[in-house]
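Report on the structure given below.
Here is how names work: the chains are called A, B, and so on, in the same order as the sequence lines, proteins then strands, and each is numbered from 1.
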Amino acid sequence: MRKFLLLPRLGNRSLMKSEKKPQFWLDKIAQDIIDRREKLNRKVDVLRVESGIGASGFPHIGSVGDSLRAYGIKLALENLGYKSELIAYSDDRDGLRKIPVGVPKEYSKYIGMPVSEIPDPWGCHSSYGEHISSMLIEALEKLGIEFTFISGTEAYKSGLLDKQISRLLANSGKVDRIIREEVGSSKPEGWVHYWPRCEKCGRIYTTRVIKVIPEESKVIYACDQEFKGIKGCGYVGEASYLRGDGKLSWKGEFAARWAALGIVFEPHGKDITDSFRVNARISREILDYEPPMTVMYEMFLDSTKRKISKSIGNVITPQMWMKFSPPEALRMLMFKRYRSTRSISLQRSPLYINELENGVRKYHNLERIRSERDKMTLKRLMEYTYLMKGVPTPWPYRYTAVLNVVAMLPRDIKFDDLLGVVADLISKYYDIEPKSLLSEEMFRRYVYYARNYVESFGTSEIERIEIDDSLLNAIDSFVKRLKNDMGEEVIQDLAFNTARELRVSVKAFFQAIYMVLLGQPQGPKLGPLLRRIGIDRFKKLYSRSLEEGKIARKR
RNA sequence: GGGCCCGUAGCUCAGAAUGGUAGAGCGCCCGGCUCUUAACCGGGAGGUCGAGGGUUCGAAGCCCUCCGGGCCCGCCA
């Protein structure tokens, strides 16, 4: 697909001509990586893929999407029989650019300083940067991603990038030219794209390289630039560019990392497309390293198609996701496709879970899928969703059922009690022992997600509903016949018999009752539900709805 | 000023590298079932593939122009 061939163009198309079989995108890219490796005659033991993890702003759902997709490629490469490793590279050498919400305003004094050298506002980690990246690491672990963590700061200090830095600085004129050709630059011509750290004020974004002295691996710099309203301290000094006394600008840093670590794949968001292009050229033309393959993924929008932004307050963090749906649902969403997964919304989490359940079920019924392509896509999607460790057999109950039950129960029940009650109801629903439900991890998680969902989003409010005359008569008659001492089965039978006797559609009859009861056209099995709610309470609810005009007669 | 992405059924999107009878899921309509479920089974309606032009025996796809939506760069990443 042309999109991910954007950077490294595969020359030898005929190579693949014979294999016209459609492939899942992760498999396809992995195969391309292998083909290219042969072509470049690059012999390395471990094929490394990379995902950059931000350390300056709070992690959001898109951040883990990047890592997840990179991890998918790692799995795909291993699936082809190669060793692979995911590098999660923390950008904790980046300077602080702005103060995120929730961070003290005084922190503006740290603007322009590397986030790894700024104290942790929450006091639990050794630095601001470490705190932020630990949040992301935690999320990645919850998602079941295995990775090797590299701190940018450590990378610089250990000299990991020294060879590349030296080469970039020795060729700084060429670097500047490439940047100008690709994206332009407002800096004066001949600018050295490197940030020395000012030894006096500690900032990196207020400095300017005056001279590069390659023989001594150092630069002369002046701290006289302005960044975000912060003026440099005016200090002039010299700094070694080896062992971490500064930082490459993004116009070259990716390239240095790729070359130093031997990265063969790294996904990127739409917002840094240009950056990738510049780095690809720098990598190829200056560092003699053929840049990694990549995919460009879209930014996430919320359900109203607005850009996710902190100021609107519609940010979704991985932690928030985990409150409403399982990690595997997120993995499925991210693996499903890599571009145009445009909107995402926690309110739609029941949908995502439903999709997961459907996927699992279909996986065990692959022969039913007619189209070969769809069959292959679903098969691989589910295998990747479960990280190649095996797709579980479908569980016999559904999240929507759990959600319906939780939604109609009082909100103030303690969680443990809620579990019991829900297990009780669901067991009637699906004819499973409550005990075996309670022993299931997935079931407990479902109740947890459902409770959080109901707390955050509630259920649809009953507005005014119109019910057909004949249906309403049937419900009337059903309500009249209901007796306090009726058991679940009796109630259930009564509902069916009433509908049949009065010759109304059973389906419509049930839907109408659920509308009255829950404001939605379906719900848990009626008998147990009414038993649980209480016959009297149901009768009162019904007559009150009639009196208040919430239920109207449609003729 | 420069650059990128997207536009295919009511909705979400496949299909585009390699041109060959327009697809799936959901929704909707009809029917079935041992008749509540974002459960199952069968069938159906629904698309000038954003517009126009070009190349071609043949274009959703390739080329050009335009329209619409979104994004990035010219601070930083």
Assess the side chains of [X] and [Y]: does a donor N or O sit below 3.5 Å from an acceptor N or O?
| X | Y | answer |
| --- | --- | --- |
| A/Tyr89 | A/Glu266 | no |
| A/Asp27 | A/Tyr384 | yes |
| A/Asp92 | A/Ser133 | no |

Examine [N]: is either OP1 or OP2 under 4.0 Å from a nitrogen or oxygen in the side chain of [X]? Give yes or no.
| X | N | answer |
| --- | --- | --- |
| A/Tyr205 | B/A77 | yes |
| A/Lys187 | B/G74 | no |
| A/Lys251 | B/C76 | yes |
| A/Arg277 | B/G3 | no |

Nearest-angstrom distance from the residue atom CG of A/Leu333 to C1' of B/C13: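 A/Leu333 atom CG is separated from B/C13 atom C1' by 13 Å.
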Quick one: A/Gln225 CD to B/C76 P, roughly how many Å, whole number?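 That distance rounds to 10 Å.
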Partner of A/Phe227 under ring pair (Phe, Tyr, Trp, His ring centres under 6.0 Å), chosen from A/Tyr205, A/Tyr110, A/Trp195: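 It is A/Tyr205, the one option of A/Tyr205, A/Tyr110, A/Trp195 that forms the ring pair (Phe, Tyr, Trp, His ring centres under 6.0 Å) with A/Phe227.
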Return the pairing partner of [N] with a 3.5 Å limit on both distances, Watson-Crick or G-U wobble; otherwise return none.
| N | result |
| --- | --- |
| B/G1 | B/C73 |
| B/A60 | none |
| B/A24 | B/U12 |

How far does the P atom of B/G43 sit from the matching atom of B/U8, given to the nearest Å?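 Going atom to atom, P in each nucleotide, I get 28 Å.
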Have a look at A/Asp274 and say if it touches a base, only the backbone sugar-phosphate, or nothing, with a 4.0 Å heavy-atom cut-off.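 Result for A/Asp274 = base.
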Base, sugar-phosphate, or nothing for A/Lys228, non-hydrogen atoms under 4.0 angstrom?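 Base contact - A/Lys228 has a heavy atom under 4.0 Å of at least one base atom.
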Side chain of A/Trp195 (C-beta onward), nearest among B/C5, B/C73, B/A77: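 Output: B/A77.
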Side chain of A/Asp271, heavy atoms from C-beta onward: which of B/C72, B/G25, B/C4 has the nearest atom to it?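 Within the option list, the nearest is B/C72.
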